[in-house]
Amino acid sequence: MKSAIFEKAGLVSVQEVDRPQLQATDDVIIKIVRACVCGSDLWSYAHGDNKEPHSVNDGHEALGIVEEIGTAITTVKPGDFVIVPFTHGCGECDACRAGFDGTCDRHQGATNWSHGFQSEYVRFHYGNWALVKVPGQPSDYTEGMIKSLLTLADVMPTGYHAARCAHVQRGDKVVVIGDGAVGQCAVIAAKMLGASQIVLMSRHPDRQEMARQSGATAVVAARGEAGIAEVREVLGGGADAALECVGTEAAIEQALGVLHNGGRIGYVGVPHYNNRPIGSTFAQNISIAGGSASVTTYDKEVLLKAVLDGTIDPGRVFTQTYPLAQINQAYADMQNRRTIKSMVVVSKKMTD
C-alpha cells in the first residue's frame with residue numbers, strides 16, 4: 001500500500017509499504033478515505049522535533065471504512081463508515097467515564113494516541129470503543145459534510161476540549177489564542193457553549209474572517225503587552241476564559257495576561273515549553289486545565305449530531321485539498337500559511 005513517510009525536516013515522501021495486519025483481538029483494519037495534516041505534525045516537519053528520519057508519518061486524523069476486525073470487536077463491522085480519531089480510549093476506566101478518554105487510564109501515554117494515518121490502510125489498536133460510526137457511507141455525503149466529519153477526528157473535539165477545560169459557560173468573555181484549525185474550532189466551541197464575547201488573537205485576514213463567520217465578536221492582531229491591553233480594552237476588563245491553542249510559552253503568557261484574577265485557561269496546544277511553574281499563578285487564582293482531547297466522548301455525545309444537523313460547520317478549516325501523492329505539498333502549504341488545514345484524498349472510491 002502507499003503511505004507517507006517522514007524523511008527529514010521539510011520532506012515527507014510517499015512510498016510502498018506492507019499493508020497492516022490484525023495483531024490483537026481488539027484491532028481494526030481500516031481503509032482510509034480522507035486524511036489530513038495537523039498543526040502538531042508541523043513541529044517535526046519544520047524542525048525535526050527529534051523524529052527519526054525515514055519513519056512513519058505523524059498523521060492521526062482520518063475517515064475510513066472498516067475492512068477487518070479482531071475477534072474482540074463488537075461495536076463495528078466490515079463496511080462501516082467511521083471517524084478514526086487520534087485517541088484510543090477504552091470507555092470503561094475512571095478517566096473515560098469522567099469524559100477524559102484522551103488520557104485513558106488503561107492506555108497510558110503514547111499508547112493512547114495514533115500516528116501513520118496518511119496511508120491507504122491503518123491498523124487501529126484498542127478499537128472496540130474509540131471508533132465513531134457515521135450513518136451510511138461516505139458517498140451519501142457532500143464534500144463539505146465530509147470535511148466537517150473529518151474535523152471530528154481531532155481538531156473540532158480539541159477546540160471543544162479547550163472550551164470544556166476552561167469551563168466556558170453562557171455569558172462568558174472568552175479569548176482564543178491561535179488562529180489555526182484548532183483555534184477556529186475553539187471559536188465554534190465557545191459559541192456553542194454560550195460565550196457572549198469571543199476575541200480571536202490573529203494577524204491573518206483570512207483567518208480573522210473565518211473566525212468572525214463562526215462567532216468571534218472581535219479580533220486582536222497585537223501581541224505581548226500591547227495585545228493584552230487591547231484585549232482588555234475590547235472586553236472592558238479581563239476575560240473569564242482563555243483557550244490556548246498553540247503550544248508555546250508566548251501563547252501561555254498571552255493567555256495568563258488577558259484573564260481577570262480568578263479566570264480559567266483551557267490549553268490544548270501540544271506544549272513546547274517546560275519553564276512555567278504552577279506556583280507562578282498563585283496570586284491570580286487562575287484555574288489551568290487541558291491536555292489531549294476527549295474525541296470519542298465529544299463526538300458521540302455532542303459533535304457528530306451537531307455536524308449532521310448542520311448546527312456547526314467546522315469543515316471550512318480545510319481550505320485546500322491534495323491527493324496523497326502530493327502530501328509534501330500539503331505539509332509545506334500549511335507550514336507556509338498558504339492553507340489553514342490540508343485535507344488529503346487517500347481514496348476517491350467513497351464506498352466499501
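What's counted below: heavy atoms across the whole structure, side chains too, no hydrogens, waters or symmetry copies. Position 1 is the first residue of the sequence; numbering continues from there.
- A side-chain contact (heavy atoms from CB on, under 4.5 Å) with V219 holds for exactly one of Q208, M201, R203, R207; it is Q208.
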Step by step, work out the salt bridge (Lys or Arg N to Asp or Glu O under 4.0 Å) result for K341 and E61. CA-CA 12 Å; K341 190 169 178 67; E61 311 154 84; 3.1 Å; yes
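- Salt-bridge check for R19 with E67: passed, with a basic side-chain N closer than 4.0 Å to an acidic carboxylate O.
- Inter-residue side-chain proximity for D313 and R316 is flagged as met; some heavy-atom pair is nearer than 4.5 Å.
- Paired with F318 under the rule side-chain contact (heavy atoms from CB on, under 4.5 Å), one option of I340, T339, L150 passes, and it is L150.
- Taken to the nearest 0.5 Å, the CD1 atom of I286 stands 8.0 Å off from the NE2 atom of H260.
- Here E92 pairs with R106 in a salt bridge; the nearest charged N to carboxylate O distance falls below 4.0 Å.
- For the pair T297 (side chain) and S294 (backbone), a donor-acceptor distance under 3.5 Å is absent.
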I'd like to know whether Y298 forms a ring-ring contact (aromatic ring centres under 6.0 Å, His included) with H161, so could you lay out the CA-CA distance, the side-chain angles of the two residues, the decisive distance to 0.1 Å, and finally the verdict. CA-CA 8 Å; Y298 300 153; H161 193 59; 5.8 Å; yes
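- No donor-acceptor pair under 3.5 Å is formed between the side chain of T281 and the backbone N or O of Q284.
- With hydrogens and angles disregarded, a donor-acceptor distance shorter than 3.5 Å links the side chain of W113 to the backbone of G102.
- Under a 4.0 Å N-O distance rule, the pair K133/D299 does not qualify as a salt bridge.
- A donor-acceptor pair is defined here as one N or O able to donate and one able to accept, closer than 3.5 Å; no such pair exists between the side chain of S3 and the backbone of S119.
- Under the 3.5 Å distance criterion, the side-chain polar atoms of E253 are left unmatched by any main-chain donor or acceptor of G224.
- Once rounded to the nearest 0.5 Å, the distance linking OG1 of T74 with CG of D26 reads 10.5 Å.
- Residues S347 and K31 have side chains in contact (heavy-atom distance under 4.5 Å, counting atoms from C-beta outward).
- In this structure, S342 contributes its side chain and C36 its backbone to no donor-acceptor pair below 3.5 Å.
- Electrostatic pairing of K173 and D240 does not count as a salt bridge here, judged by no charged N lying under 4.0 Å from a carboxylate O.
- A donor-acceptor distance shorter than 3.5 angstrom exists from the side chain of R223 to the backbone of A221, with no hydrogens or angles considered.
- In this structure the side chain of H47 never reaches within 4.5 angstrom of the side chain of L42, judged on heavy atoms.
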Donor-acceptor contacts under 3.5 Å from residues 326-333 side chains, at least two apart:
unit_1 : atom_1 : unit_2 : atom_2 : d
N328   : OD1    : V12    : N      : 2.8
N328   : OD1    : Y45    : OH     : 3.1
Q329   : NE2    : D333   : OD1    : 2.7
Y331   : OH     : Q118   : OE1    : 2.8
Y331   : OH     : Q118   : NE2    : 3.2
D333   : OD1    : R338   : NE     : 2.8
D333   : OD1    : R338   : NH2    : 2.8
D333   : OD2    : Y322   : OH     : 2.7

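- Note on ring orientation: taking the six-membered ring where Trp is involved, the planes of W43 and H272 are parallel (angle under 30°, cut-offs 30° and 60°).
- The residue from L131, L63, L152 that alone fulfils the side-chain contact (heavy atoms from CB on, under 4.5 Å) condition with V84 is L131.
- Side-chain contact between E68 and P78 is absent, with no heavy atoms from C-beta onward closer than 4.5 Å.
- The shortest distance between side-chain heavy atoms of V28 and L22 does not fall below 4.5 Å.
- Using a distance-only test at 3.5 Å, with no hydrogens or angles considered, a donor-acceptor pair links the side chain of E244 to the main chain of G247.
- Two residues are said to be in side-chain contact when any heavy atoms from C-beta on lie closer than 4.5 Å; I65 and Q137 meet this criterion.
- Proximity of V295 to D154: side-chain heavy atoms (C-beta onward) are nowhere separated by under 4.5 Å.
- With hydrogens and angles disregarded, no donor-acceptor distance shorter than 3.5 Å links the side chain of N112 to the backbone of Q108.
- The aromatic rings of H60 and F86 sit perpendicular, their planes meeting at an angle over 60°, well past the 30° parallel limit.
- Counting only heavy atoms from C-beta outward, the side chains of I228 and R232 approach each other to under 4.5 Å.
- Exactly one of Q197, R264, H167 qualifies for a side-chain hydrogen bond (donor to acceptor under 3.5 Å, both in side chains) with D172. That residue is R264.
- One distance of note links CD1 of I288 with CD1 of I265; it measures 4.5 Å at 0.5 Å rounding.
- Rounded to the nearest 0.5 Å, atoms CD1 (I312) and OG (S214) are 9.5 Å apart.
- Under a 3.5 Å cut-off, the side chain of N57 and the backbone N or O of G59 do form a donor-acceptor pair.
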